[in-house]
Amino acid sequence: FAKEALEDISHQLRTPLTSVMMILGLINSPELTENERTEYLRDLYKLLARMKWLIETMLSLSRIEADAVKFTNERVNCRTLIGQSIDTVSVTAELKGVDIRAKITGDPEFVGDPHYTSEAIGNLLKNAVEHTAQGGTVTITSASSIISTEIIISDTGEGIPESELPHIFERFFRSSEYNKNGFGIGLAFARKIITAQGGKLKASNIKPHGAAFTIRFYHTTI
């Protein structure tokens with residue numbers, strides 16, 4: 001890693017780690033009610049889960065960038081792939097009150113690595129849920145044409161500031177608004193997975209509001 005990347009990782013881990021230590025110091029206080037202790041435990045789990053996700057994502061991204069990952073070339077069914085990807089964020093979406101809908105036309109498929117592509121879509125869905133308010137909707141659509149297969153993840157959030165669209169996939173990009181509640185790493189990881197398989201991933205805004213991430217795999221033969 002470059003010096004700046006190491007500093008970013010250290011900073012991203014230091015903040016939740018400090019919170020974890022603080023909670024551990026408070027949780028055994030005899031003055032806490034059971035409800036308060038339960039709430040602290042819930043916060044502790046969330047913090048540790050985010051730290052685990054960050055570390056695992058960074059390790060996977062590093063392996064891909066070092067060409068240490070061998071992507072498979074399988075015929076991937078988008079219905080199955082999308083179902084698996086939604087499962088990874090369904091609990092988070094339900095707790096936040098965000099509805100995830102899948103709209104698949106026909107029986108789209110492409111040639112690629114189902115495991116890593118599912119991770120990429122999972123990160124995009126996670127990002128969409130994080131930026132969608134309670135009562136909002138995240139929609140994932142898929143369809144095939146003669147040339148390519150598309151998977152589009154869209155949300156009903158506030159969208160991405162136009163000035164930041166060109167930078168949204170940069171690792172640890174410090175967005176003024178869009179990544180203020182995240183680590184700025186999930187989108188970089190998703191794009192690396194898609195482009196490493198010869199696919200394309202782009203971000204855009206949709207009207208009246210919301211963001212959309214479009215994955216496109218061009219048809220090849222096995």
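None of the values given here were measured: they were computed from a predicted structure.
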Trainee: Would you give the length of the straight line joining atom CD of Glu170 to atom CD1 of Ile168, rounded to the nearest 0.5 angstrom?
Mentor: 9.0 Å

Trainee: In Å and rounded to the nearest 0.5 Å, what is the NZ to OH distance from Lys200 to Tyr218?
Mentor: 6.5 Å

Trainee: Identify all side-chain donor-acceptor contacts of residues 41-48 below 3.5 Å with residues at least two apart in sequence or on another chain.
Mentor:
unit_1	atom_1	unit_2	atom_2	d
Arg42	NH1	Glu39	OE1	2.7

Trainee: To check you understand the geometry: which heavy-atom pair defines the closest contact between Glu36 and Glu31, and what is its length?
Mentor: OE1-O, 4.2 Å

Trainee: Backbone N or O of Val129 within a donor-acceptor pair of the Lys96 side chain at under 3.5 Å?
Mentor: yes

Trainee: Side chains of Ile100 and Val89: closer than 4.5 Å at any heavy-atom pair?
Mentor: yes

Trainee: May I ask you to test the Thr137-Arg101 pair for a side-chain heavy-atom distance under 4.5 Å?
Mentor: yes

Trainee: Please assess Asp99 against Val138 for the test side-chain contact (heavy atoms from CB on, under 4.5 Å), listing each intermediate value before the final yes or no.
Mentor: CA-CA 6 Å; Asp99 185 28; Val138 172; over 6 Å; no

Trainee: Is it the case that the side chains of Ser144 and Glu109 hold a donor-acceptor pair, with the cut-off being a distance below 3.5 Å and no angle test?
Mentor: no

Trainee: Name the orientation class of the two ring planes belonging to Phe169 and Phe213 (parallel below 30°, tilted from 30 to 60°, perpendicular beyond 60°).
Mentor: perpendicular

Trainee: Please name the pair of heavy atoms, one in Leu201 and one in Ala190, separated by the smallest distance, quoted to 0.1 Å.
Mentor: CD2-C, 4.0 Å

Trainee: Val98 versus Gln134: any side-chain heavy-atom pair under 4.5 Å?
Mentor: no

Trainee: Would you say Thr72 and Glu74 are linked by a side-chain donor-acceptor pair, where the criterion is simply a distance under 3.5 Å?
Mentor: yes

Trainee: If hydrophobic clusters are built by linking Ile, Leu, Val, Met, Phe, Trp and Tyr wherever their side-chain heavy atoms come under 4.5 Å apart, do Ile140 and Ile206 end up in the same one?
Mentor: no

Trainee: According to a 4.5 Å side-chain heavy-atom criterion applied to Ile, Leu, Val, Met, Phe, Trp and Tyr, with indirect links allowed, do Ile152 and Ile194 form part of one hydrophobic cluster?
Mentor: no

Trainee: Where do Pro166 and Ser163 come nearest, in terms of heavy atoms and distance?
Mentor: CD-O, 3.6 Å

Trainee: Ignoring hydrogens and geometry, is there a side-chain-to-backbone donor-acceptor pair from Arg191 to Gly186 under 3.5 Å?
Mentor: no

Trainee: Between Ile82 and Ser85, is any pair of side-chain heavy atoms under 4.5 Å apart?
Mentor: no

Trainee: Looking at every non-hydrogen atom in both residues, tell me the closest pair between Thr105 and Pro108 and how far apart they are.
Mentor: O-CD, 3.3 Å

Trainee: Side chains of Leu124 and Leu187: does their closest heavy-atom pair fall under 4.5 Å?
Mentor: yes

Trainee: Roughly how far apart are Thr195 OG1 and Ile215 CD1, rounded to 0.5 Å?
Mentor: 11.0 Å

Trainee: Is there a donor-acceptor pair closer than 3.5 Å between any side-chain N or O of His131 and the backbone N or O of Thr156?
Mentor: no

Trainee: Do Thr149 and His219 touch side chain to side chain, with heavy atoms closer than 4.5 Å?
Mentor: yes

Trainee: Is Ile86 close to Ile121 at the side-chain level, that is, under 4.5 Å between some pair of heavy atoms?
Mentor: no

Trainee: For the residue pair Asn73 and Asp113, confirm or rule out a side-chain donor-acceptor distance under 3.5 Å.
Mentor: no

Trainee: Quick check: does any side chain N or O of Thr141 sit under 3.5 Å from a backbone N or O of Lys103, one acting as donor and the other as acceptor?
Mentor: no

Trainee: Are side-chain N/O atoms of His167 and Glu164 paired as donor and acceptor at under 3.5 Å?
Mentor: no

Trainee: Check whether Asp155 reaches the backbone of Ala211 with its side chain - one donor and one acceptor, N or O, closer than 3.5 Å.
Mentor: yes

Trainee: Which heavy atom in Ser142 sits nearest to a heavy atom in Ile151, and how many Å separate them?
Mentor: OG-CG1, 3.7 Å

Trainee: Could you tell me which non-hydrogen atom of Gly122 sits nearest to which non-hydrogen atom of Thr88, and how far apart they are?
Mentor: CA-OG1, 4.0 Å

Trainee: Look only at the side chain of Arg37 and the backbone of Ile27, and say whether a donor-acceptor pair between them is shorter than 3.5 Å.
Mentor: yes

Trainee: After noting the C-alpha distance and the side-chain angles of Ser148 and Phe217, does the key distance pass the side-chain contact (heavy atoms from CB on, under 4.5 Å) rule?
Mentor: CA-CA 5 Å; Ser148 65; Phe217 288 107; over 6 Å; no

Trainee: Looking at side-chain heavy atoms only, is the closest gap between Thr117 and Leu81 below 4.5 Å?
Mentor: yes

Trainee: Yes or no on side-chain contact (heavy atoms from CB on, under 4.5 Å) for Leu165 and Ser204, after CA distance, side-chain angles and deciding distance?
Mentor: CA-CA 7 Å; Leu165 274 173; Ser204 60; 5.6 Å; no

